[in-house]
Amino acid sequence: MARARTTTAGLEERRRAVLARVAEKGEMGIAELAEEFGVSVMTMHRDLDALASGALLRKSRGRAAAVAAVTMEVAPELRRRTRLAEKEAIAEAALRELPTRGVILMDDSTTLFPLARRLDERGGYTVVTNSVGVARLVAATEHSEVILLGGDYNGVFDSTTGPEVTRALQRIRADVALMSAVAVTAGRLYHPIQGYAAVKEAMLDAAQGHLLLVDSSKFGRHAPFSHRDVSAYDAVITDSGVPRDEERTLRKLVARLLLVEVGHGRPAPLTTTGSHRASYRGPY
């Protein structure tokens with residue numbers, strides 16, 4: 001009996017699982033991966049070639065190796081399971097910063113997922129996003145609607161990128177952009193994929209106000225492509241685990257730094273407002 005062909009969705013799901021497995025182990029043999037996932041070695045080579053072409057892992061001499069610090073961030077199923085308490089606390093603080101209505105841009109960061117799920121607690125919005133995950137969460141709310149930006153779909157990120165996305169953003173004027181970052185060092189923001197760095201910059205240009213939501217584990221990391229620095233944002237919301245040297249840099253560069261404590265119950269943000277720029281209070 002002929003083996004059924006793998007659908008596109010099944011292919012992307014397997015590749016995400018392969019990436020997650022390599023990230024978990026650090027390095028694995030290609031033959032070992034093929035056996036574990038029940039595919040031929042040639043099929044596994046194709047999967048790994050596709051992942052390597054996006055700089056999501058390294059492939060050489062019969063082995064696949066994780067990309068340090070970055071691979072964990074680009075596998076959505078891994079990102080959703082990590083730093084859950086911090087993400088919920090950051091969402092709690094971010095809700096208080098939003099206007100009660102308007103147009104919101106949201107990028108494909110899983111840090112925004114808890115916030116997208118809770119938008120009804122604050123108001124009703126038109127959310128514009130390149131994230132399929134964010135779009136699903138907003139679509140499930142009662143008072144908000146969602147516009148999903150079309151472009152080149154990346155199954156690993158579960159989101160779209162490319163010139164179609166950046167061109168669409170040039171025609172949008174949003175009230176607030178809610179964004180995160182894979183890596184932050186000395187106030188500079190980085191992403192492993194150039195196209196996604198370009199989308200983040202286009203979102204900044206398309207919005208009146210800007211909030212950066214990023215948990216403390218992202219600080220001190222590096223990735224190949226920079227997308228501006230924290231001074232482009234009206235406020236940065238992170239948890240109190242941020243390294244001291246990075247916190248000092250944030251205080252110098254950003255108008256408002258909100259540090260949230262992660263613990264039992266509803267978290268309360270600790271707010272520090274800089275004196276060199278006006279505080280962001282939203283458009284309404």
Side-chain angles (χ1 to χ4, degrees), residues 3 5-87 107-111 113 131-133 152-161 180-186 188-197 199-200 214-227 241-243 246:
R3 179 181 297 179
R5 294 187 62 182
T6 303
T7 64
T8 300
L11 177 64
E12 295 292 353
E13 182 179 356
R14 186 181 68 233
R15 288 176 178 174
R16 287 197 297 269
V18 169
L19 179 59
R21 184 61 171 152
V22 174
E24 180 184 9
K25 298 286 286 186
E27 182 175 335
M28 292 184 70
I30 294 174
E32 179 185 4
L33 282 165
E35 181 178 359
E36 184 169 323
F37 284 89
V39 297
S40 69
V41 172
M42 187 61 68
T43 295
M44 184 54 61
H45 271 286
R46 287 195 293 268
D47 286 351
L48 295 173
D49 285 339
L51 293 169
S53 68
L56 304 179
L57 50 72
R58 294 189 301 273
K59 174 176 176 279
S60 63
R61 296 187 178 182
R63 301 193 68 78
V67 175
V70 171
T71 303
M72 290 295 289
E73 294 303 318
V74 298
E77 63 270 28
L78 290 178
R79 290 186 288 156
R80 293 186 188 114
R81 294 199 304 263
T82 60
R83 312 286 291 187
L84 294 179
E86 288 83 357
K87 291 174 182 177
D107 69 10
D108 67 328
S109 306
T110 60
T111 303
F113 282 18
S131 167
V132 176
D152 298 325
Y153 177 73
N154 186 311
V156 172
F157 285 88
D158 197 25
S159 59
T160 60
T161 186
S180 190
V182 168
V184 186
T185 296
R188 198 76 188 173
L189 310 175
Y190 299 92
H191 199 280
I193 307 298
Q194 187 173 19
Y196 281 96
V199 168
K200 289 177 183 288
V214 56
D215 74 73
S216 60
S217 71
K218 310 295 178 60
F219 289 90
R221 291 183 174 186
H222 295 275
F225 301 103
S226 175
H227 49 97
V242 62
E246 296 289 348

Chemist: Would you give the length of the straight line joining atom CG of Leu84 to atom OG1 of Thr110, rounded to the nearest 0.5 angstrom?
Modeler: 9.0 Å
Chemist: Do you know which of Val182, Val184, Val242 makes side chain to side chain contact (heavy atoms under 4.5 Å, CB included) with Val214?
Modeler: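 Considering Val182, Val184, Val242, a side chain to side chain contact (heavy atoms under 4.5 Å, CB included) with Val214 is found only for Val184.
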Chemist: Assess, by modelled atom type and distance only, whether the side chains of Arg46 and Thr43 contain a donor and an acceptor separated by less than 3.5 Å.
Modeler: yes
Chemist: Without swapping roles, check the side chain of Lys200 against the backbone of Ser180 for a donor-acceptor pair under 3.5 Å.
Modeler: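 Checking the backbone N and O of Ser180 against the side chain of Lys200, a donor-acceptor pair under 3.5 Å is found.
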Chemist: Checking Glu27 side chain against Ala64 main chain: does a donor-acceptor pair fall under 3.5 Å?
Modeler: no
Chemist: Out of curiosity, Ile30 CD1 to Leu48 CG, how far, rounded to the nearest 0.5 Å?
Modeler: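 CG of Leu48 is found 5.5 Å from CD1 of Ile30.
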Chemist: For Glu36, what residues pass the side chain to side chain donor-acceptor pair (under 3.5 Å) criterion, not counting sequence neighbours?
Modeler: Arg21
Chemist: Working to the nearest 0.5 angstrom, can you tell me the gap between Met44 CE and Phe37 CZ?
Modeler: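 The CE atom of Met44 sits 6.0 Å away from the CZ atom of Phe37.
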Chemist: Measuring from atom NZ of Lys218 to atom CG of Leu189, what distance do you get when rounded to the nearest 0.5 angstrom?
Modeler: 11.0 Å
Chemist: Residues two or more places apart in sequence or in another chain: which of them pass side chain to side chain contact (heavy atoms under 4.5 Å, CB included) with Gln194?
Modeler: Phe225
Chemist: Do Val39 and Arg14 touch side chain to side chain, with heavy atoms closer than 4.5 Å?
Modeler: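 The answer is yes, as the side chains (C-beta and beyond) meet within the 4.5 Å cut-off.
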Chemist: Measure the OH-CG distance between Tyr153 and Asp158 for me, rounded to the nearest 0.5 Å.
Modeler: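 Going from OH on Tyr153 over to CG on Asp158, the span is 3.5 Å.
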Chemist: First locate atom CG of Leu33, then atom CG of Asp47, and finally report the distance between them rounded to the nearest 0.5 Å.
Modeler: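 So the gap between those two atoms works out to 9.5 Å.
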